[in-house]
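Remember, it's a predicted structure, so these values are computed and weren't measured experimentally.
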Amino acid sequence: MVRHPLVAFFLLAYLLAWIAWAPLYLSRAGLGWLPIRGSLWYTLPGSYAPLVSAVIVRGVTGRAWPVRGFCPLVSLAAYGLGLLLIVLAFIIGPSLWMTQGRLGGANWLAFAGYPLAIARAALMAGPIGEEPGWRGFALPLMEARLGRLRAWLLLGTLWFGWHLPLFLVPTWNGAPMWTYAVLVIGFGFIINLCFDLSGRSVLVAIAIHATFNASSAILGRFLANAEVTSSLEPTTILALCMLICGGVIAVAVARHEPSPS
């Protein structure tokens with residue numbers, strides 16, 4: 001753990017989460033090996049695994065939690081950028097695609113539901129339990145060794161892989177595995193960019209993660225009365241739009257990417 005803190009962190013994050021989720025994916029809701037009815041609420045304990053893992057690794061290795069100056073204006077600007085990118089990549093872009101550009105029936109008042117939806121998503125433990133680990137602990141170390149883009153791609157892949165046991169539960173997520181992978185990795189470029197621009201504020205990462213989680217409900221309300229004409233699955237369109245957004249960010253960052261130390 002002292003020699004390889006990143007490896008120890010990811011192993012712990014996987015191990016703790018997969019053990020905590022076992023009653024769900026082994027229950028009747030998943031593989032059916034346990035005679036209990038699994039509930040999606042069972043995912044909550046495992047969502048704290050990255051935070052717990054970061055605390056353990058920092059405690060064993062003696063790594064202090066970084067103390068960074070908090071600039072409200074910088075953090076607000078970074079969050080605003082993240083919100084804009086999520087709205088474009090998760091709601092406006094997919095809506096234009098699904099309706100073939102006809103948004104006459106779209107409910108623009110749906111965006112008024114964002115504050116409550118974000119607050120609810122933040123309290124569902126995912127953002128709070130995950131971001132101190134993924135962004136607060138792992139990302140700065142990975143960027144120092146790999147550079148931004150390679151670190152972002154690797155972290156996104158590991159973040160997706162962490163969710164794998166939950167695919168054994170059909171009611172957990174309606175998206176195919178490859179679609180979810182593209183969605184998570186693409187979104188990772190948004191949240192990592194805004195995290196770095198904020199001066200590596202975990203609070204900004206938590207807020208952007210919560211905004212992303214809340215956006216599916218906003219999208220549903222936005223298109224509730226619109227005519228969806230695309231033959232592609234909505235989850236596929238979401239993944240492709242997020243991939244495009246992530247690609248644009250990657251091109252922009254690559255032009256200013258310093259060599260990793």
Apply side-chain hydrogen bond (donor to acceptor under 3.5 Å, both in side chains) to the pair Trp162 and Glu130, showing each step before the final yes or no.
CA-CA 11 Å; Trp162 180 73; Glu130 294 181 38; over 6 Å; no
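With sequence neighbours excluded, the residues that form a side-chain contact (heavy atoms from CB on, under 4.5 Å) with Val169 are Leu24, Tyr25, Ala29, Leu40, Thr171, Trp172. Every side-chain contact (heavy atoms from CB on, under 4.5 Å) that Gln100 has, sequence neighbours left out, goes to Arg102, Thr229. Applying the side-chain contact (heavy atoms from CB on, under 4.5 Å) rule to Trp108 yields the partners Ile92, Leu103, Ala106, Phe111, Phe222; only residues at least two apart in sequence or on another chain are considered.
The aromatic rings of Tyr180 and Phe160 sit tilted, their planes meeting at an angle between 30° and 60°. In this pair, Trp21 and His163 present their aromatic rings parallel. The plane angle is below 30°, not in the 30 to 60° band.
Side chains of Tyr114 and Ser215: a donor-acceptor N/O pair is present below 3.5 angstrom, by distance only. Counting only N and O atoms by type, the side chains of Tyr42 and Ser27 include no donor and acceptor under 3.5 Å apart.
Side-chain atoms of Tyr14 come within 3.5 Å of backbone N or O of Leu158 as a donor-acceptor pair.
Atom CD1 of Ile206 sits about 12.5 Å away from atom OH of Tyr79, to the nearest 0.5 Å. From Leu76, atom CG reaches atom CG of Leu83 across 10.0 Å, with rounding to the nearest 0.5 Å.
Within the hydrophobic cluster formed by Ile, Leu, Val, Met, Phe, Trp and Tyr side chains joined at under 4.5 Å, directly or through other members, Leu116 stands alone, with no partner residue.
A chain of hydrophobic side-chain contacts below 4.5 Å, direct or via other Ile, Leu, Val, Met, Phe, Trp or Tyr residues, connects Trp159 to Leu6.
Inter-residue side-chain proximity for Leu88 and Cys245 is flagged as unmet; no heavy-atom pair is nearer than 4.5 Å.
Enclosure of atom CH2 in Trp33 is not indicated, since only 12 or fewer non-hydrogen atoms of other residues, nucleotides or ligands lie within 6.0 angstrom.
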What side-chain donor-acceptor pairs closer than 3.5 Å can you find for residues 186-197, not counting sequence neighbours?
from   : atom 1 : to     : atom 2 : distance (Å)
Asn192 : OD1    : Arg135 : NH1    : 2.9
Asn192 : ND2    : Gly188 : O      : 2.9
Asp196 : OD2    : Arg148 : NE     : 3.4

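Note on residues 225-254: no pairs pass ring pair (Phe, Tyr, Trp, His ring centres under 6.0 Å), not counting sequence neighbours.
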